[in-house]
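Okay, structure first, notes after.
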Number of protein chains: 2
Amino acid sequence: MNATSGTLAIGALSKRTGCKVETIRYYERARLLPIPARSPGGYRLYGSAHLKRLTFIRRARALGFSIDEVRKLFKLADERTRPCAEVRVVAGAHLEDVQAKIADLRAMERVLRETVAQCANGRRADCPLIEALYREVPEQASHQPSAPNRRRKILKADQ
Amino acid sequence: MNATSGTLAIGALSKRTGCKVETIRYYERARLLPIPARSPGGYRLYGSAHLKRLTFIRRARALGFSIDEVRKLFKLADERTRPCAEVRVVAGAHLEDVQAKIADLRAMERVLRETVAQCANGRRADCPLIEALYREVPEQASHQPSAPNRRRKILKADQ
DNA sequence: CTTGAGTCTCTAGTTACTACAGACTTTACC
DNA sequence: GGTAAAGTCTGTAGTAACTAGAGACTCAAG
C-alpha cells in the first residue's frame, strides 16, 4: 500500500521481516514495538524505525532471548551511555542459560540413545525403554542453576 | 495419613515422587493419572499403581517427552503386545527432536559467545552485541524439521 | 473439642504466540 | 464510478504445562 514516503502497512512489514502480522500486533501490545501512526481508516503505518526495531526483536528472539530480555536489551540500547558492560551481563547470563540447556539436552540424548539402541534389537514383550521409565526417578538434583536463576522452565520437572 | 493398607494421600504421593500436589491434580485432569479412590471426606487416595504411573510420567517428562507423547507411551506400555518396535518409533522421533534442539542451541551459543567476547574487551559506546542485533535477520530457513514435525516451538521464531 | 495442617474445587495467571469471527478499509479492475 | 477481492481492524479464546491463590472443608493429634 501507500508507496509514498517510507510507510509500510502491517502486511508489508510482515513480509520484510518474516514476522507474522498477528505477532507484530502482539509485540505492540507487549510494548516491544512503539505504537505506530494510523491511516485515516485506522490502518497501522510503520516507518523505518519500526522496521529496525522489529529486526532487532526477531534476531534476539532467534538467539533465544525472552521477550523480557529483549525489553532489557532495548533499554540498554536506547540509553546510549556505556551499554557495553551491562549488555554483556544480560547476554552473558543468557549464554549460561543456553549452555545449561544444552547440557540438559545432551544428558537426555544420551539416555534416549542408549535405551533406544537396546530397544532396537529386542524382540521380546518387555521393552527396555518402558522398563527404564518405570524405574525410580533419579534425583539428579545436584545441578545448581548457574546463577540465582529464575528461568529454565522448559526442560525440567524440577522440584 | 492413613498408614493402613498401601494408600497415600496426595501430599504423601507428592513427597514420594517429588511432584507437586497441584501437578498431580493437573495430571489427573489431563487423564495421565487414573481417577483415584476418595476418603469419606473427599480426599484422594492413591495406591501403588498410581505411584508407579506417576514415576513413569516424571521420568518421561524429565527426558523431555511431552504430555502427549507420555500418553502415547502409556498406551503402548499398557497393551503388552509387541510394544518394543512402536515404542522405538516414538522415542526415536523424540530423540531427533532433542538432537535438533541441541543443534539450534549450539548455533545460538556460538553467536552469543563470539559477540559477548567482542563486547568484553570493548569500551566504546557502540556495543557489538547491540549492533549485531540490529543487523538483518539471517534467513536460516533451510533446516528441515527431521519429520512431519509439529513440535519445536521453543527455540525458533520460525516462519 | 479445638487447632493446625492438609486437602478440596474453581478460577486465573504464566510465555509467546496463533487463530478465529465479524466488521471495516483499500486497492484493482472494468 | 462501482464492485469485488484482499488487506486490516478489534476482541476473544486457544495452545503447553503447569503454578498460585481464595475460601471452604477434613483429618489427626493433643
Side-chain angles (χ1 to χ4, degrees), chain A residues 1-4 7-15 17-33 35-46 54 57-58 60-71 97 150-159, chain B residues 1-4 7-33 35-46 54 57-58 60-72 94 97 101 150-159:
Chain A
M1 342 265 127
N2 206 341
T4 55
T7 65
L8 298 166
I10 197 167
L13 183 63
S14 169
K15 258 169 207 153
T17 56
C19 185
K20 287 191 181 172
V21 166
E22 293 89 353
T23 308
I24 296 174
R25 285 196 284 248
Y26 168 75
Y27 287 154
E28 182 183 329
R29 284 201 305 281
R31 307 175 147 280
L32 276 184
L33 272 180
I35 292 169
R38 296 285 181 133
S39 80
Y43 279 24
R44 288 171 177 82
L45 295 176
Y46 295 100
L54 185 51
I57 297 169
R58 286 264 303 157
R61 295 285 303 123
L63 285 174
F65 287 97
S66 72
I67 294 280
D68 212 61
E69 285 169 327
V70 176
R71 240 188 299 260
D97 277 9
R150 15 44 291 179
R151 215 163 331 89
R152 330 233 16 252
K153 51 210 157 243
I154 297 143
L155 309 174
K156 309 306 283 305
D158 51 12
Q159 155 55 244
Chain B
M1 338 274 135
N2 206 340
T4 54
T7 66
L8 298 165
I10 197 167
L13 183 63
S14 169
K15 258 170 209 151
R16 290 275 184 102
T17 57
C19 185
K20 287 190 183 174
V21 166
E22 293 89 353
T23 307
I24 296 174
R25 285 194 284 246
Y26 168 75
Y27 287 154
E28 181 182 328
R29 284 202 305 281
R31 307 175 145 281
L32 277 184
L33 272 180
I35 293 169
R38 296 283 182 135
S39 79
Y43 280 25
R44 288 170 178 81
L45 296 176
Y46 295 99
L54 186 50
I57 297 169
R58 287 264 303 157
R61 295 284 305 123
L63 285 174
F65 287 97
S66 72
I67 294 280
D68 212 63
E69 285 169 326
V70 175
R71 241 188 298 261
K72 263 185 221 157
H94 179 59
D97 277 10
K101 273 181 202 162
R150 27 15 322 167
R151 214 164 329 92
R152 329 232 17 250
K153 52 212 157 244
I154 297 145
L155 309 175
K156 309 306 283 305
D158 51 11
Q159 156 56 243

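Nothing here was measured: the structure is a model prediction, and the numbers come from that model. Every heavy atom of this structure was used, including side-chain atoms; hydrogens, water molecules and symmetry mates were not. So that the names make sense, note that chain A is the first sequence line, chain B the second, and so on, each numbered from 1.
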Whole angstroms only, please: what is the [atom1]-[atom2] distance between [X] and [N]?
| X | N | atom1 | atom2 | answer |
| --- | --- | --- | --- | --- |
| A:Ile24 | D:dT8 | CD1 | P | 9 Å |
| A:Glu28 | D:dT10 | CD | C1' | 12 Å |
| A:Arg29 | C:dT18 | CZ | P | 12 Å |
| A:Arg25 | C:dA16 | CZ | C1' | 16 Å |
| B:Lys15 | C:dG6 | NZ | C1' | 10 Å |
| B:Glu22 | C:dC10 | CD | P | 16 Å |
| B:Ile10 | D:dC27 | CD1 | C1' | 15 Å |
| B:Asp68 | D:dA17 | CG | C1' | 12 Å |

From the options [options], select the nucleotide whose nearest atom is closest to the side chain of [X].
| X | options | value |
| --- | --- | --- |
| A:Ser66 | D:dC18, C:dA16, D:dA20 | C:dA16 |
| B:Ser39 | C:dC8, D:dC27, C:dC17 | D:dC27 |
| A:Tyr43 | C:dT26, C:dC17, C:dT7 | C:dT26 |

Problem - B:Ser39 to B:Leu45 - nearest heavy-atom pair and separation - result: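 So the minimum-distance heavy-atom pair works out to N-CD1, 3.6 Å.
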Exercise for the section: Identify the two heavy atoms, one from B:Arg44 and one from B:Tyr46, that lie closest to each other, and give their separation to 0.1 Å. Expected result: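 Heavy atoms of B:Arg44 and B:Tyr46 come nearest at CD-OH, 3.0 Å.
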Problem - Sugar-phosphate, base or nothing in reach of B:Arg44, heavy atoms under 4.0 Å - result: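 Sugar-phosphate only.
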Just N and O in the side chain of [X]: are any of them under 4.0 Å from OP1 or OP2 of [N]?
| X | N | value |
| --- | --- | --- |
| A:Tyr26 | C:dT15 | no |
| B:Lys20 | D:dA17 | no |
| A:Arg61 | C:dC17 | yes |
| B:Tyr27 | D:dA17 | no |

Practice task
To the nearest 0.5 Å, tell me how far A:Thr23 OG1 sits from A:Ile10 CD1.
Solution key: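 One gets 9.5 Å once the value is rounded to the nearest 0.5 Å.
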Handout entry: B:Arg71 side chain to B:Arg31 backbone, donor-acceptor under 3.5 Å
Key =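 No; judged by distance alone, with no hydrogens or angles, the pair does not exist.
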Handout entry: Residue whose nearest DNA chain C nucleotide is more 5′ - B:Arg38 or A:Gly42
Key =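 So the residue in question is B:Arg38.
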Handout entry: Contact nearer the 5' end of DNA chain C, comparing A:Gly41 with A:Thr23
Key =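 First, find each residue's nearest nucleotide; the 5'-ward one identifies A:Thr23.
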Problem - 4.5 Å side-chain heavy-atom contact, A:Ile67 and A:Arg61 - result: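 They are in contact (side-chain heavy atoms under 4.5 Å apart), so the answer is yes.
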